[in-house]
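Within every chain, numbering begins at 1; the chains are lettered A, B, ... in the order of the sequence lines, protein sequences first and strands thereafter. All values below come from the heavy atoms of this structure, side chains included, with hydrogens, waters and symmetry mates left out.
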There are 2 protein chains.
Amino acid sequence: MLKKIVEWLILGALPRTLMPLTLEDIARLSGVSRSTVSRVINADSNVKDETRQKVLQVIQNINFQPNLAARGLAAGRTNIIGLVIPASVAVIFTDPYFPLLIQGVSGACNAHNHSVMLWLAEPEYERRTIRQILHNGLVDGVIVSSTLMDDPIVKSLYESKMPFILIGRHPTLDVNYLDVDNVRAAREATQHLMRLGRKRIATITGPKNQIASYDRYQGYVKGLSDRNQPVLPELVAEGDWTEAGGYTAMRRLIPHKPDAVFAANDVMAAGALSALREAQLRVPEDVAVVGFDDTPNASRTQPPLTTMRQPIQSMGSLAVETLIDIIDHPGSETRRIVVATELVIRSSCGTLKSKSEGGDDRKNPVDLSIPTLNQPYHLVGNPADENPILRRRVKNA
Amino acid sequence: MLKKIVEWLILGALPRTLMPLTLEDIARLSGVSRSTVSRVINADSNVKDETRQKVLQVIQNINFQPNLAARGLAAGRTNIIGLVIPASVAVIFTDPYFPLLIQGVSGACNAHNHSVMLWLAEPEYERRTIRQILHNGLVDGVIVSSTLMDDPIVKSLYESKMPFILIGRHPTLDVNYLDVDNVRAAREATQHLMRLGRKRIATITGPKNQIASYDRYQGYVKGLSDRNQPVLPELVAEGDWTEAGGYTAMRRLIPHKPDAVFAANDVMAAGALSALREAQLRVPEDVAVVGFDDTPNASRTQPPLTTMRQPIQSMGSLAVETLIDIIDHPGSETRRIVVATELVIRSSCGTLKSKSEGGDDRKNPVDLSIPTLNQPYHLVGNPADENPILRRRVKNA
DNA sequence: GTGAAAGCGCTAACAG
DNA sequence: CTGTTAGCGCTTTCAC
């Protein structure tokens with residue numbers, strides 16, 4: 001109380017909320033110099049413990065918050081990271097994918113004392129956005145959730161000095177990225193359907209200009225060719241990740257009598273289920289369905305969806321952590337992180353075992369391969385692991 | 001060093017991305033002073049047109065981006081707004097509500113040259129978050145999507161000098177806000193069901209500690225009492241905005257034989273539909289269902305959902321615009337904006353008209369009233385309008 | 001261990 | 001209309 005009065009006197013009885021305090025104020029109140037306060041705040045070891053305590057006390061009392069703009073200006077680092085989601089895909093906000101990703105990113109940022117700046121980059125603003133992100137000095141690094149094959153944002157970022165990481169891979173550029181092995185995952189899903197005796201396996205792909213769609217389609221193709229099955233064009237329909245798109249695609253597929261369908265995400269799989277129901281086809285008896293993502297609603301469809309789980313939220317967190325590491329270690333080598341997926345078996349595919357209890361030929365996994373990049377990478381998690389997010393380092397080739 | 005770089009630039013030999021340029025560089029290159037460049041960038045009218053062109057040219061050539069941290073520091077304004085979503089509700093990311101809101105906010109920010117900082121405030125981090133937001137000098141203002149009755153973030157914001165606007169209203173504090181009239185909307189929905197002859201109208205509410213849930217419940221109550229119907233406790237079930245929650249709530253309701261149910265959001269309504277289907281009850285023949293929000297999937301449920309539309313995305317945009325206005329005009333009076341809702345009639349409620357073609361007693365709207373605040377407010381949009389987002393000013397009382 | 005001093009890149013009076 | 005001059009609040013050498 002007495003202390004408070006003293007503070008007010010020194011501060012000229014200024015209400016705290018009226019005007020933010022500065023380092024200088026803290027310095028004055030604790031009888032040290034501005035530099036020392038700065039050192040305390042930045043956990044510099046060159047401060048006598050006694051001094052540190054004194055300063056911390058004042059900071060606490062006064063609830064001091066350093067001005068981040070000033071800090072950013074002086075230090076060249078803001079502890080803000082940018083999250084860029086191209087709007088061409090952000091439209092798909094009925095898909096829980098982006099929300100989950102955002103949650104993962106936000107959570108990790110909180111945990112690591114960073115803030116997140118969100119850009120839903122609409123096409124018209126894209127060029128401006130790119131520049132803003134690159135050189136406005138506000139973000140230390142950027143996470144780009146790019147699904148487009150040839151995203152100009154990625155190219156610009158690549159050519160700049162801005163640290164960034166891609167969620168998803170890039171077909172040509174050797175950038176830092178974090179992805180699931182979509183090819184492998186889709187292949188496994190397809191193989192699973194074949195193992196259950198399905199003969200006419202269709203697929204509903206994502207938009208063809210997106211890399212994840214491409215990879216999942218390639219996995220489907222490989223899965224078929226693993227058993228020397230041909231790819232029948234009439235059993236391939238392009239969707240747009242939405243439920244409506246999945247529905248429409250399925251309607252196009254039905255006349256060609258598929259007995260199974262692999263949808264490139266859960267939302268489209270749900271749409272496919274509607275179409276099948278409408279066509280009086282039973283799932284899984286007449287047509288088996290497998291999705292991708294294992295989004296929260298996958299277990300609530302009719303029937304519950306067998307799907308390839310990817311840990312979306314964790315991927316967001318991991319992207320943050322990796323990005324911070326990249327920022328902290330400029331010039332370090334490219335990070336290539338592949339996150340494990342896991343086939344979650346429910347009833348839509350016609351297997352009644354409620355858990356994938358191994359024991360079958362899933363023990364012979366297809367070979368891990370990043371389709372266009374034959375670079376060494378980190379594998380994060382493993383389908384066989386209990387915990388899908390234990391980091392594991394793979395020896396550099 | 002810098003001089004050398006500039007020479008290189010003039011010679012066109014240097015990759016532009018190597019080192020961010022400053023106002024000073026632009027000034028030197030265009031033969032004016034730094035202040036003039038600053039004036040050009042900030043569209044100050046006090047610049048000769050010729051000079052302006054010259055400077056703009058250089059800026060273009062060089063693709064110059066002013067450093068926002070520096071600008072923020074000097075000008076006391078960053079053109080960044082914060083969007084705060086309490087995580088207690090962010091969990092509900094399967095509900096398209098927040099994604100849509102974020103899209104609206106982001107879009108408007110892009111359009112108005114602002115950036116958005118996203119905070120999904122997790123409980124553990126809340127206190128830190130509040131302080132960070134308040135005094136780190138990084139945001140000019142804050143949009144809070146608060147649904148909790150007594151959100152500490154709102155209180156802190158209210159006590160500070162930080163400009164902010166609430167999406168949703170506040171039960172006690174006279175803060176800037178933007179909301180739909182949930183009471184009126186829910187009342188209208190309930191009345192609609194009664195008009196269709198339903199006698200045992202149930203409701204699935206949101207969590208009771210949230211203001212929107214409360215208001216919609218009040219509207220339901222008023223709707224019943226408009227026709228002197230009692231509120232039967234066994235016909236009221238609390239949900240949590242999720243599909244699973246709606247499902248569970250409906251299962252609790254079914255034994256009490258409701259012939260209609262008003263769900264406080266579409267997602268819970270969808271859950272209710274599942275429960276009804278499972279119980280072999282026909283919608284709308286046995287039980288009519290009305291939702292709230294008109295989220296993208298409302299038209300894709302089985303049967304398509306009658307629902308009270310609120311223009312979520314537009315509300316996000318409007319919040320941004322209002323906030324910017326608040327920032328630009330400090331000390332102006334409290335903004336109270338109420339956005340119109342509209343009953344979208346589909347088949348889940350048992351009316352076959354595909355459009356609400358007026359003509360009926362909907363022309364007698366219930367009285368507009370903000371439950372706890374009897375303050376003058378702006379009404380935005382009107383159920384009768386074609387365009388729900390035309391701003392209209394209501395005379396101050 | 002601590003303080004003094006020099007900026008980070010920009011805006012904003014204030015002169016002219 | 002334009003340039004000069006002070007800072008904004010912080011970090012960071014560099015002395016002591």
Side-chain angles (χ1 to χ4, degrees), chain A residues 11 14 16 19-56 58-59 62 64-80 132 134-140, chain B residues 1-2 5-6 19-56 58-59 62 64-80 113 132 134-140:
Chain A
L11 290 174
L14 200 68
R16 288 125 177 233
M19 203 177 185
L21 301 174
T22 71
L23 272 196
E24 199 72 54
D25 300 320
I26 306 297
R28 205 174 310 137
L29 288 173
S30 41
V32 297
S33 78
R34 191 177 18 170
S35 338
T36 301
V37 179
S38 175
R39 286 191 188 100
V40 170
I41 288 179
N42 295 293
D44 186 318
S45 58
N46 286 334
V47 181
K48 211 200 312 176
D49 221 48
E50 189 189 342
T51 315
R52 180 189 310 281
Q53 292 310 328
K54 198 168 53 182
V55 174
L56 280 177
V58 175
I59 290 179
I62 249 170
F64 172 72
Q65 282 295 326
N67 180 307
L68 291 191
R71 187 208 289 255
L73 188 56
R77 173 153 184 181
T78 57
N79 277 20
I80 300 174
Q132 265 188 214
L134 290 185
H135 282 319
N136 65 9
L138 223 48
V139 298
D140 293 338
Chain B
M1 180 55 186
L2 186 60
I5 290 177
V6 171
M19 202 177 181
L21 300 174
T22 72
L23 273 196
E24 198 72 51
D25 300 321
I26 306 297
R28 206 173 305 141
L29 288 173
S30 41
V32 297
S33 78
R34 192 177 17 166
S35 344
T36 301
V37 179
S38 174
R39 287 191 189 97
V40 170
I41 287 179
N42 296 293
D44 187 318
S45 57
N46 287 332
V47 181
K48 212 201 313 178
D49 221 47
E50 191 188 341
T51 316
R52 181 190 310 282
Q53 292 310 326
K54 200 168 51 180
V55 175
L56 280 177
V58 176
I59 289 178
I62 252 172
F64 172 73
Q65 281 297 324
N67 180 308
L68 291 190
R71 185 207 288 252
L73 188 56
R77 174 155 183 177
T78 56
N79 277 20
I80 300 175
N113 246 294
Q132 267 188 211
L134 290 185
H135 279 319
N136 65 9
L138 222 48
V139 299
D140 293 338

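Atom CG of B:Leu56 and atom CZ of B:Phe64 lie 12.0 Å apart (nearest 0.5 Å). From A:Gln53, atom CD reaches atom NZ of A:Lys48 across 12.5 Å, with rounding to the nearest 0.5 Å. Distance CD1/A:Ile59 to CD1/A:Ile41: 4.0 Å, rounded to 0.5 Å.
Comparing B:Lys48 and A:Asn67, the nucleotide of DNA chain D nearest to each residue sits closer to the 5' end for B:Lys48.
Distance B:Asp25 CG to C:dG9 P: 9 Å, rounded to the nearest Å. Taking atom CG of residue B:Leu68 and atom C1' of nucleotide C:dC10, one finds them 10 Å apart after rounding to whole Å. Atoms CD (A:Gln65) and P (D:dC8) sit 20 Å apart, rounded to a whole Å. Taking atom CG on A:Asp49 and atom P on C:dG1, their separation rounds to 10 Å, with Å as the unit. As rounded to whole Å, 10 Å separates atom P of D:dC8 from atom CD of A:Glu24. Rounded to whole Å, the distance from NZ on A:Lys54 to C1' on C:dT2 is 11 Å. One interatomic measurement links the two molecules: CG of B:Asn136 to C1' of D:dG9, which rounds to 13 Å at whole-angstrom precision. Separating the CG atom of B:Leu138 from the C1' atom of D:dC8 is a distance of 14 Å, rounded to the nearest angstrom.
Residue A:Arg71 places at least one side-chain N or O closer than 4.0 Å to OP1 or OP2 of D:dT11. Of the side-chain N and O atoms in A:Thr51, one or more sit less than 4.0 angstrom from OP1 or OP2 of C:dT2.
In this structure, the helix from C:dG1-D:dC16 to C:dG16-D:dC1 shows an angle of 30° between the axis at its start and the axis at its end, each fitted on 5 base pairs and rounded to 10°.
In this structure, of C:dT2, D:dT12, C:dG7, it is C:dT2 that holds the atom nearest to the side chain of A:Asn46. Nearest to the side chain of A:Leu23, among D:dT11, C:dT2, D:dC1, sits D:dT11. In this structure, the nucleotide among C:dC10, D:dG9, D:dT11 sitting nearest to the side chain of B:Leu73 is D:dG9.
Between A:Arg34 and A:Leu23, the shortest heavy-atom contact is CG-CB, 3.7 Å.
A donor-acceptor distance shorter than 3.5 angstrom exists from the side chain of B:Thr78 to the backbone of B:Ile80, with no hydrogens or angles considered. A distance-only check finds a donor-acceptor pair linking the side chain of A:Ser30 to the backbone of A:Ile26 [under 3.5 Å]. With A:Thr36 contributing its side chain and A:Val32 its backbone, the two residues share no donor-acceptor pair below 3.5 Å. Formation of a donor-acceptor pair under 3.5 Å by the A:Arg52 side chain with backbone atoms of A:Asp44 is found in this model. In this structure, the side chain of B:Asn42 does not engage the main chain of B:Arg39 through any donor-acceptor pair within 3.5 Å. Between the B:Asp140 side chain and the B:Asn79 main chain, a donor and an acceptor come within less than 3.5 Å of each other.
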Please write out each protein N/O paired with an N/O of nucleotides 4-6 of chain D under 3.5 Å, distance rounded to 0.1 Å.
from	atom 1	to	atom 2	distance (Å)
D:dT4	O4	B:Ser35	OG	2.8

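Counting non-hydrogen atoms under 4.0 angstrom, A:Ser38 reaches a base of the nucleic acid.
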